[in-house]
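Just so we're clear, the structure is a prediction, and the values are computed from it rather than from any experiment. Start at 1 and go down the list; that is how both ligands and their atoms are numbered.
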Amino acid sequence: MKNIMITGGAGFIGSHVVRLFVNKYPEYNIINVDKLTYAGNLCNLLDIENKSNYKFVKADICDLDNMITLFKEYSIDGVIHLAAESHVDRSIKDPLIFAQTNVMGTLALLQAAKLSWEGNFPGKLFYHISTDEVYGSLGFDGTFFTEDTSYDPHSPYSASKAASDHFVRAYNDTYGMATVVTNCSNNYGPYQFPEKLIPLFINNIRQGKPLPVYGKGENVRDWLYVVDHARAIDVIFHKGRIGDTYNIGGFNEWTNIDLIKVIIKTVDKLLGNPEGESLNLITYVTDRAGHDLRYAIDSNKLKTELGWEPSLQFEEGIEETVSWYLENQEWMDNITSGEYEKYYSEMYK
Ligand code: NAD
Ligand code: TYD
C-alpha cells in the first residue's frame, strides 16, 4: 500500500498516528483528511507538516462526493479512520452531531471506499478506530471486555461509535471489502484537547482552578499512552487479520480519584510546590448522566497474535505527559484562548 488516508489526523490520537506513519514510512504518502472542528488543531503536527510524504486536506468525511473525489485524486489504497466527535459530555448535550459525524460520516467514507475500490479489493484496507465504550460498563468484579463481549453502549457517543463499528463489519460481510476494527481504552499523552480529564486537570492545577470530580470519583478507566496506541495501529494496519477485531489496552486500571491524586502529586512536584498543595482543588460535582462505572480491556489477543505490548509503564507515561503540558503552555494557552482556531482559518477556508 502506498497512499494512505488518515482521517481525523489533526486531533489527539490521529496526530500521533500521522507522525508515526510519516516518519516511519517515507515510501508512503500520508493524506490527512480533517474538517478542523474545535478538536482539530494543525499545531499538533508542526514538526512534520513540511515533510514531502505528508499532505493535509481540509474536508468533511460526511461529504460523499468530496470523499470519492479524494479517493480518486490521491489513488487511496488504505484508510485509517479516526475522525469523530469524541467527547462523552458533548454527546450528552448535543447527540445529533455525534450521529452525523460518527455514523453518517463513517458510512460516507465506507461508501466512497467501496465505489472507488469495487472490482479491485485486493491490497486495499479500511481500518476503523473505535473505543472500548461500545461494550458498556463493567462491575467491580475483575472481569474484562474481550473481542467477544456483546455491545451495550450507554452514552450517545458510545452508541454512535457502536453503530459505526456495525457498518464497517457490514461492508466486510456484504461487499467483501477488507476491513479491520479496533476498540481501545482511554488514551493519555501530549496534544489531547483540554476538555478531557487529564489535560483539563493538569491545566487547572497550574492555574489554581477547581478540579471537578464527577460523583464520588470511584469510576474506573483503563489508561493507555497514546504513542502505544499509535504503535498498535501500525502493527494491526500491516499484520491484522482482515475482517477481524482487536482490543487495545494496557491492563492499567485506575479509579478517577486515585488517578487525580497522581496527577496532583506529579504537577506539584514538577512545579516545585509543597507536596499535596493542590489537593484542596478537588471539588466533587454532580455525576455525569449515565456514567459508566468501569472499563477494562483484555488485549491478550493482540499480544498473542501480533506481539504488541505497551512500551511505557504508567508512572513513566504520566510524568512525561505532565512535563509535556507544563513545557508546552503556549500550545495549551492557544487552545484555551481560542487563538488556535484563527491560526489556519485563512489558509484553509
Ligand atoms: P479528537 O476529538 O481529539 O479528534 C477528532 C478529529 O476528528 C479532530 O481533528 C476533528 O477535527 C476531526 N473531525 C471531526 N469531525 C470530522 C468530520 N466530519 N470530518 C473530518 N474530520 C472530522 O479525538 P481523539 O481522542 O483523537 O479520537 C480519535 C478516534 O479514536 C475517535 O474515533 C475516537 O472515537 C477513538 N478513540 C478515542 C479514545 C480516547 O481516549 N481519546 C479511545 C479509544 C478510541
Ligand atoms: P474523559 O476524559 O471525558 O473520558 P471518557 O468519558 O471517555 O472515559 O473522562 C474520564 C473519566 O473522568 C470519566 O469517568 C469521567 C471523569 N471526569 C471527571 O470526573 N471530571 C471531568 O471534568 C472530566 C472531563 C471527566
Side-chain angles (χ1 to χ4, degrees), residues 5-18 32-42 44-45 56-63 66-67 80-92 97-98 100-102 104-106 108-109 128-134 137 154-155 157-158 160-162 164-165 182-189 191-201 204 210-224 226 229-230 233 247-249 254-257 259-260 282-288 290-295 297 341:
M5 176 188 285
I6 299 182
T7 70
F12 166 47
I13 302 171
S15 64
H16 288 275
V17 177
V18 166
N32 173 10
V33 173
D34 197 297
K35 185 183 174 184
L36 298 183
T37 68
Y38 80 93
N41 182 358
L42 287 174
N44 297 354
L45 290 165
F56 173 70
V57 179
K58 183 176 178 197
D60 185 342
I61 55 163
C62 301
D63 183 344
N66 197 20
M67 289 303 113
I80 305 178
H81 174 39
L82 297 108
E85 289 291 335
S86 69
H87 189 43
V88 174
D89 293 327
R90 284 181 189 255
S91 82
I92 294 168
I97 183 69
F98 282 70
Q100 175 66 13
T101 300
N102 299 358
M104 294 310 291
T106 300
L109 203 59
H128 177 61
I129 308 297
S130 191
T131 166
D132 60 355
E133 304 192 25
V134 299
S137 182
H154 296 144
S155 72
Y157 164 64
S158 53
S160 67
K161 291 297 291 186
S164 65
D165 295 8
T182 56
N183 299 86
C184 187
S185 61
N186 285 62
N187 285 213
Y188 71 96
Y191 300 111
Q192 187 167 31
F193 197 84
E195 63 187 350
K196 305 277 169 65
L197 181 75
I198 292 182
L200 175 72
F201 278 33
N204 282 11
L211 307 175
V213 181
Y214 299 163
K216 295 185 185 139
E218 64 189 3
N219 305 67
V220 171
R221 296 292 181 265
D222 181 356
W223 294 92
L224 180 69
V226 62
H229 188 187
I233 290 171
N247 281 352
I248 309 174
W254 288 82
T255 63
N256 287 343
I257 194 65
L259 174 74
I260 289 160
I282 291 177
T283 310
Y284 291 93
V285 300
T286 308
D287 207 354
R288 173 187 278 173
H291 197 173
D292 287 336
L293 188 58
R294 174 172 166 258
Y295 302 145
I297 274 279
E341 288 192 283

Give one line per pair: atom of ligand 2, protein atom, distance. Only N/O to N/O under 3.5 Å.
residue: ligand 2; atom: 2 (O); partner: L197; partner atom: N; Å: 3.0
residue: ligand 2; atom: 3 (O); partner: R288; partner atom: NH2; Å: 3.1
residue: ligand 2; atom: 4 (O); partner: N186; partner atom: ND2; Å: 3.4
residue: ligand 2; atom: 6 (O); partner: R288; partner atom: NH1; Å: 2.5
residue: ligand 2; atom: 6 (O); partner: R288; partner atom: NH2; Å: 3.3
residue: ligand 2; atom: 7 (O); partner: E133; partner atom: OE2; Å: 2.6
residue: ligand 2; atom: 8 (O); partner: N186; partner atom: ND2; Å: 2.9
residue: ligand 2; atom: 8 (O); partner: R221; partner atom: NE; Å: 2.8
residue: ligand 2; atom: 12 (O); partner: N256; partner atom: ND2; Å: 3.4
residue: ligand 2; atom: 14 (O); partner: R221; partner atom: NH2; Å: 3.3
residue: ligand 2; atom: 14 (O); partner: N256; partner atom: ND2; Å: 2.9
residue: ligand 2; atom: 14 (O); partner: H291; partner atom: NE2; Å: 2.7
residue: ligand 2; atom: 19 (O); partner: Y214; partner atom: N; Å: 2.9
residue: ligand 2; atom: 20 (N); partner: P212; partner atom: O; Å: 2.7
residue: ligand 2; atom: 22 (O); partner: P212; partner atom: O; Å: 3.4

Indicate yes or no: does an N/O atom of C62 lie under 3.5 Å from an N/O atom of ligand 1? no

The atoms of ligand 1 lying under 4.0 Å from a heavy atom of S185, numbered in the order shown, are 42 (C), 43 (C)

From the list N219, L197, I260, side chain to side chain contact (heavy atoms under 4.5 Å, CB included) partner of V213 resolves to I260

So, regarding D34 and ligand 1 (criterion: nitrogen or oxygen to nitrogen or oxygen, under 3.5 Å), is there a contact or not?
yes

If we number the atoms of ligand 1 from 1 as shown, the ones under 4.0 Å from a heavy atom of K35 are 16 (C), 17 (C), 18 (N), 19 (N), 20 (C), 21 (N), 22 (C)

Next on the checklist: Using a 3.5 Å cut-off on N or O atoms only, is D60 in polar contact with ligand 1?
Outcome noted: yes

Filtering C184, G40, G8, S130 for the heavy atom nearest atom 44 (C) of ligand 1 leaves S130

Review point. Would one find an N or O of K161, backbone or side chain, under 3.5 Å from an N or O of ligand 1?
Key: yes

Compute the shortest N/O to N/O distance between Y157 and ligand 1 and return yes if it is under 3.5 Å, no if not. yes

field: N186-ligand 1 polar pair, N/O distance under 3.5 Å
entry: no

Note: heavy atom closest to atom 15 (N) of ligand 1, options T101, N41, N32, belongs to T101

With only distance considered, is I13 within less than 3.5 Å of ligand 1 through an N or O on each side?
yes

